[in-house]
Protein chains: 2
Amino acid sequence: MVNFELYKVFYLTAKTGSLSKAAKELYITQPSVSHSIKLLEDTLGLQLFARTSKGVELTKEGAVLFSYIEQAYNFISLAEEKLSELRNFSSGEIKIGGSDSLCKHYLLPFLESFHVQYPHVQINLVHGTTPEIVKHLKEGKIDIGIVRTPILDDQLQVREGITIQDCFVTGPKYRELSMGKVSLAKLLTYPIILFSSNSSSRKFVTRLFSENGLLLEPEIELGSVDLLIEFAKIGFGVSFVTKEFVAKELTDGSLFEVNIDATIPSTKIGIITLKNMPLSTAASAFVAELESPGD
Amino acid sequence: MVNFELYKVFYLTAKTGSLSKAAKELYITQPSVSHSIKLLEDTLGLQLFARTSKGVELTKEGAVLFSYIEQAYNFISLAEEKLSELRNFSSGEIKIGGSDSLCKHYLLPFLESFHVQYPHVQINLVHGTTPEIVKHLKEGKIDIGIVRTPILDDQLQVREGITIQDCFVTGPKYRELSMGKVSLAKLLTYPIILFSSNSSSRKFVTRLFSENGLLLEPEIELGSVDLLIEFAKIGFGVSFVTKEFVAKELTDGSLFEVNIDATIPSTKIGIITLKNMPLSTAASAFVAELESPGD
DNA sequence: TCACCATATAGACACCTTCTATAACGAGTA
DNA sequence: TACTCGTTATAGAAGGTGTCTATATGGTGA
């Protein structure tokens, strides 16, 4: 198979109809082009150009070759254009998987600012449980996953995002819970509103109680963090939510943090990617945003 | 613009999913492929492959590039196949222009044997007067012209074919003309059958008579050499034809050569092509046939 | 006939491709 | 755990090839 580089010289020579002009376009000298064309002709065993005093002209065979090479050249040009787009984020796509509430409360601001900065990068967001996110990641369905740490999987690369702290909150109705320390047992005498049972935060809080010999049975079970917050606000009981995501409500007095007599360990947000699969430029730019402090 | 040769390496690497396998296909070593891919990645500023312990896998950007390069590669493969066909005459086309009767009486046997030898080479035959043939040639409408020499045109390359000799012939009815020398004046007392007035042979014969102070006026004027021969055979008079093309008739006694007392110069068949435009392989093979003696 | 614009050729040199040898790494297996 | 096998990566050397400069050659048009 012929050296492809010769076809580039051939294309430009045919296109410009002149060895000298092709040489200019290629930033090389005319003898060099002459040599390349000769080499190509010798290799193919066909004369491709008729040399005239005004330049060169394709022979029959040359014209046949050109009709194919022109297509090939165009595809390569397109490819390079496309890649250049990908490099400057004037095109591209990022698929992100966010578990649980992280999508809305953590990811959204980043997505918005990223989208403003690179409007041509398409963002594709899926959500699901942590195991689902990991599965999607391994299947190549998403580029980045946003989950709670800790997450142990040696196929994954885990970058740490901000620290978050879960806590119990309640609305003005049960405001007394925010006054002094409240034992877990005491808490159980209030109606508890929890996230659906397969979530990791639900599992955590259930274990917290059982480790103290208590059985946690929620009054109400909800499928969305937003609802969890809303229900707590209007007095349905006590919710278990991420403190950072209810910062506003805690400030404006629509929610109060319950001061329990146990320590709820803080956790970090994990930005997970596949260890052996390099990120696309767009995706790695996004990850950089997530990692950069101060955003 | 990136060195096209790198795309060949890229294509095979992506296709085989392995640097080592690509190296085998390219008949080079694995480090060389590794180096090329690295170079391509550096040049493009993008990582194209994820290296695994089992080989390599395209990244997102690599996959984008591949979708284009694959097309380009296919076109180049097709081009090389096509050229290879042209080289072995398993495809191709020759356009030939033959003037006057040369088409049928001279060219046909060559065409037939060439077609048997290279059945996939398409042959395109047009006929016309010598100036028309020359015009077609210069316009690139035909590759080869077959005319009578002499032909003077410095854009043309003229190869000489067989020698032909024109002569007057007549049928059994005027058989007496073949007995002794016949003067041109005497010949004029017989009905003369000539080719249409714009033909070169007609011009020649008219001049032959006028140089001897005689005015040649044909009894019958015909547009085809075949008819010229037929009319002479059945006794309409005397025709002026190429001796080589009535060899059979002269042998079997259906025609007789008139023995005039003037010398009709012999001429050669000219195979004309454009000086500055190389012949296609098929065309030059055909010309070689025409030139080779003994066919 | 001359100047100008093409392409072709020759010879030299530098760079780049390729090589060999070896390292590093991961996966599978005993 | 250690060993092997397969993969890719790296380093350094050498040869080849692409490119250059200088010049020849040849056709075209003034």
Side-chain angles (χ1 to χ4, degrees), chain A residues 1-44 47-59 62 138 153-157 274-278, chain B residues 1-44 46-59 62 138 153-157 273-278:
Chain A
M1 193 160 231
V2 176
N3 185 332
F4 277 14
E5 188 66 1
L6 294 178
Y7 288 128
K8 187 200 284 171
V9 180
F10 168 78
Y11 172 80
L12 286 169
T13 304
K15 191 81 179 178
T16 59
S18 149
L19 300 188
S20 330
K21 287 192 190 120
K24 278 207 186 76
E25 301 231 352
L26 289 161
Y27 304 105
I28 56 176
T29 58
Q30 168 269 317
S32 187
V33 174
S34 177
H35 181 242
S36 290
I37 295 297
K38 195 156 190 285
L39 191 61
L40 183 62
E41 288 181 328
D42 289 352
T43 311
L44 295 175
Q47 194 167 348
L48 300 171
F49 291 104
R51 277 71 165 173
T52 74
S53 62
K54 298 178 169 174
V56 295
E57 203 176 329
L58 285 167
T59 60
K138 289 183 181 172
D153 191 321
D154 56 6
Q155 287 183 50
L156 299 182
Q157 177 175 357
L274 278 185
K275 224 176 219 166
N276 54 12
M277 176 53 84
Chain B
M1 192 160 232
V2 176
N3 184 333
F4 277 15
E5 188 66 1
L6 294 179
Y7 288 129
K8 187 199 284 171
V9 180
F10 168 77
Y11 173 79
L12 287 168
T13 303
K15 191 82 181 177
T16 59
S18 150
L19 300 187
S20 331
K21 287 191 190 123
K24 278 209 186 77
E25 301 232 353
L26 289 162
Y27 303 104
I28 57 178
T29 58
Q30 168 269 318
S32 187
V33 173
S34 177
H35 183 242
S36 290
I37 295 297
K38 197 157 187 285
L39 192 60
L40 183 61
E41 288 180 328
D42 289 353
T43 313
L44 294 175
L46 291 167
Q47 193 167 349
L48 301 170
F49 291 103
R51 277 71 166 173
T52 74
S53 64
K54 297 180 169 175
V56 293
E57 202 176 330
L58 284 167
T59 60
K138 289 183 181 172
D153 190 322
D154 56 6
Q155 288 183 51
L156 299 182
Q157 176 175 357
T273 53
L274 278 185
K275 225 175 218 165
N276 52 13
M277 178 51 85

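Chain naming here is simple, since letters A, B, ... match the order of the sequence lines and numbering starts at 1 in each.
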B:E41 (side chain) donor-acceptor with B:F49 (main chain) under 3.5 angstrom
yes
If the cut-off is 4.0 Å, is A:S34 near the phosphate of C:dA8, judged by side-chain N/O to OP1 or OP2?
yes
Whole-Å gap separating P (D:dG18) and CZ (A:F4):
15 Å
By nearest nucleotide on DNA chain D, pick out whichever of A:S36 and B:S32 is the more 5' one.
B:S32
Taking atom types as they are modelled, is there a donor-acceptor pair under 3.5 Å from the base of D:dA9 to the side chain of B:Q30?
yes
Verify the contact: side-chain N or O of B:R51 to OP1 or OP2 of D:dA9, cut-off strictly under 4.0 Å; return yes or no.
yes
In whole angstroms, how far is the C1' atom of C:dT7 from the CZ atom of A:F49?
13 Å
Counting heavy atoms from C-beta on, name the nucleotide in D:dT19, C:dT18, D:dT10 closest to the side chain of B:P31.
D:dT10
Which nucleotide wins on minimum distance to the side chain of B:L39, given the candidates C:dT9, C:dT17, D:dC20?
C:dT17
Which comes earlier along DNA chain C counting from the 5' end, the contact point of A:K54 or that of A:H35, where each point is its nearest nucleotide?
A:K54
Review item, side-chain donor-acceptor pairs of residues 26-34 of chain A, under 3.5 Å, at least two apart:
none

From A:T16 atom OG1 to A:Y11 atom OH, the distance as rounded to the nearest 0.5 Å:
10.0 Å
Using a cut-off of strictly less than 4.0 Å, decide whether B:S20 has a side-chain nitrogen or oxygen near OP1 or OP2 of D:dG6.
no
Looking at A:T29, I'd like to know whether one of its side-chain N or O atoms comes within less than 4.0 Å of OP1 or OP2 on D:dC20.
yes
Under 4.0 angstrom between B:S53 side-chain N/O and D:dT7 OP1 or OP2
no
From C:dT7, D:dT8, C:dT18, nucleotide with atom closest to A:V56 side chain
C:dT7
Starting at atom CG of B:L19, determine the distance to atom C1' of C:dG26, rounded to an integer number of angstrom.
15 Å
If you look at every heavy atom in A:M277 and B:T59, which pair is closest and at what distance?
SD-CA, 4.2 Å
Would you tell me if any nitrogen or oxygen in the side chain of A:N3 comes within less than 4.0 Å of OP1 or OP2 on D:dG18?
yes
Can you tell me the distance, in whole Å, between the CD atom of A:E57 and the P atom of C:dA6?
16 Å
Nearest whole angstrom, please: distance from the P of C:dC19 to the CD1 of B:I28.
6 Å
Using modelled atom types only, decide if a donor and an acceptor are shared between the side chain of B:K54 and the backbone of B:G17 within a distance under 3.5 Å.
no
N or O in side chain of B:T52 less than 4.0 angstrom from D:dT7 OP1/OP2:
no
Can you check the A:E25 CD to D:dT19 P distance for me, whole Å?
15 Å
Separation of C:dC16 C1' from B:L40 CG (nearest whole Å):
16 Å
Give the rounded distance in Å between these two atoms: CD1 of B:I37 and C1' of C:dT17.
14 Å
Whether A:K275 side chain and A:D153 backbone form a donor-acceptor pair below 3.5 Å
no
